[in-house]
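Keep in mind the model is a prediction, meaning the values are calculated, not measured. Order of the sequence lines fixes the chain letters, A, B, ..., with proteins taken first and strands second; residue numbering starts at 1 for each chain.
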There are 2 protein chains.
Amino acid sequence: MTLTYSEEKYLKAIFEVSEAGNRSVATNDIAAATKTKPASVTDMLRKLSDKQMIEYRKYYGVSLTEEGKKAALMTIRKQRLWEVFLVEKLRFSWDEVLEVANELEHIQSPLMVRRLDEYLGFPKFDPHGDPIPDEFGDVKVRPRLAIAEMDVDSTGQVVAVKDNSPAFLRYLDKIGVYIGARIKILEKVEFDGSVEILVDNKKTIFMSKDMAVNIMIMT
Amino acid sequence: MTLTYSEEKYLKAIFEVSEAGNRSVATNDIAAATKTKPASVTDMLRKLSDKQMIEYRKYYGVSLTEEGKKAALMTIRKQRLWEVFLVEKLRFSWDEVLEVANELEHIQSPLMVRRLDEYLGFPKFDPHGDPIPDEFGDVKVRPRLAIAEMDVDSTGQVVAVKDNSPAFLRYLDKIGVYIGARIKILEKVEFDGSVEILVDNKKTIFMSKDMAVNIMIMT
DNA sequence: ATAAGGATTTAGATTAATCTAAAAAATATA
DNA sequence: TATATTTTTTAGATTAATCTAAATCCTTAT
């Protein structure tokens, strides 16, 4: 089954929205994720349904079929491999990769993807800590917790961020938080959910709840 | 001026056709180069003319403006840099790169192109021996001659091939001709233009005129 | 239980890139 | 040079992806 550039974008968006919340995904959420209008989404849903990529009941949202999920995972695999390439080989910073990777992910060449994976040393995680599906669509899961969910005095290592917006990533750079940093929770403020943490045993930083829910830790 | 994927393809095609022959390029030749129909070409010519990328007089063919030529050279630059990447880093053979490079060349990111160039060590020629324009569109020219144009007993080094079709490239691989090979003309057959050559001072091969006009030598 | 409000779909257009078939222009040939 | 052939353009459609505005369906709060 061959998919257009747009169909790939929608399948990936549906997968990502369904990862975040429930299995059944709303039209409005897909529209937000793809930066299109709900009416455009409905059109595309019919097409994807015809191609057996999604389970679609009018007015009741969609879920991916096995085939649709596989396709979404392959697009995500390509996106994340290219992100690793851009950061490790072309010295992009982690806030610069998303836009370009979102174009590169649609290049069609199974041989290129396999060779790229091999060339990069079969990485398991992208620069934001998200897992890279293997060629069968299998992903390595790491049990992880947002900083906001951790107890005082508990420790761990930053393994991922939930928000990949350049603004957020640049701020993390600035305060010295990166994938792999070791952190310890020093204090949690009940009132507003903000936290104080120790980074790499040397730097104390204070962050709002908004930040603390977007930084993922493996303990 | 921002160009669509298709506009880039047409500009590149016009450039390549004009390189091969005259400055004024025919609608039919563009159609052949882009694998579209002449009617589609005419439509696109109007668009490119509106964008000041070409000089277009109905029924009299087209030529690129300075801006159009610059755009074509930038696309060619990207194509050839990606070809180097695919061959040198991902171990593609020279007959496998064209298709993928023709997709990659449309990725928009000046930063990526600059970094890719740097990462590859600022290569001046692609795997087929064709020059890679620099960021200003300047190309390094090498004086070169087709094997068919060389005299008996003259020697030189293979620097490029004119035909990039997989069939041709695979055949060259098979008979041991590659970019950089040293050759000597042993004999030229008047009747049909075929030649006998010595490759790397050790292997004698015979080739038809069709081959001999497509292999370029620097003496 | 129903009316209001929000979400979703449908209807009807638009834009870009392509096509086929027919018309028009340029070129080649007898 | 007049006609035949080839090339190019125009006219009119088609397909994919999108949009706005209007209609329809679902949910929720009174």
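- Atom CE of Met44(B) and atom C1' of dT9(D) are 16 Å apart (whole Å).
- Because its NZ or CZ atom is not both nearer than 6.0 Å to the ring centre of Tyr10(A) and within 45° of the ring axis, Lys47(A) does not count as a cation-pi partner of that residue.
- Note: CZ (Arg57(B)) to P (dA24(C)) measures 20 Å, nearest angstrom.
- Atoms OH (Tyr10(B)) and C1' (dT18(C)) sit 8 Å apart, rounded to a whole Å.
- Rounded to whole angstrom, the span from the CG atom of Leu45(A) across to the P atom of dT10(C) amounts to 11 Å.
- The side chain of Tyr59(B) approaches dA26(C) more closely than any other nucleotide in the set dT10(C), dA17(D), dA26(C).
- With distances taken from any side-chain atom of Lys9(A) to the nucleotides dA17(C), dA26(C), dT18(D), the minimum falls on dT18(D).
- Among the candidates Asp134(B), Asp117(B), Asp138(B), the single residue satisfying the salt bridge (Lys or Arg N to Asp or Glu O under 4.0 Å) test with Arg77(B) is Asp117(B).
- For Lys89(B) and Phe85(A), the positive end is not near the middle of the six-membered ring at less than 6.0 Å and at most 45° from its axis.
- When the side-chain nitrogen and oxygen atoms of Arg46(A) are compared with OP1 and OP2 of dT10(C), one or more of them lie within a distance under 4.0 Å.
- Residue Ser6(B) places at least one side-chain N or O under 4.0 Å from the OP1 or OP2 atom of dT18(C).
- Phosphate contact (OP1/OP2 of dT9(D), side-chain N/O of Tyr56(B), threshold under 4.0 Å): present.
- Put simply, Asn28(A) has a side-chain N or O that comes within less than 4.0 Å of OP1 or OP2 on dT8(C).
- A heavy-atom distance below 4.0 Å to DNA chain C is reached by these residues of residues 31-43 of chain B, ordered by number: Thr36(B), Lys37(B), Ala39(B), Ser40(B), Asp43(B).
- Across the protein-nucleic acid pair, Lys51(A) atom NZ and dA17(D) atom C1' stand 13 Å apart, rounded to whole Å.
- A donor-acceptor distance shorter than 3.5 angstrom exists from the side chain of Lys124(A) to the backbone of Phe122(A), with no hydrogens or angles considered.
- Neither side chain, Ser208(A) nor Asp210(A), offers a donor N or O lying under 3.5 Å from an acceptor on the other.
- With a 6.0 Å radius and a threshold of 12 heavy atoms from other residues, nucleotides or ligands, Gln108(A) has its CD atom above the threshold.
- Rounded to whole angstrom, the span from the CD atom of Glu7(B) across to the P atom of dT18(C) amounts to 10 Å.
- With rounding to whole Å, Tyr5(A) atom OH is found 16 Å from dA17(C) atom C1'.
- By the 6.0 Å contact criterion, NZ on Lys188(B) is enclosed, its count of non-hydrogen atoms from other residues, nucleotides or ligands being greater than 12.
- Side-chain nitrogen and oxygen atoms of Lys58(A) include none within less than 4.0 Å of the OP1 or OP2 phosphate oxygen of dA7(C).
- Listed nucleotides: dT18(C), dT9(D), dT9(C). Nearest to the side chain of Thr27(A): dT9(C).
- The separation between Leu11(A) atom CG and dA17(D) atom P is 12 Å, rounded to whole Å.
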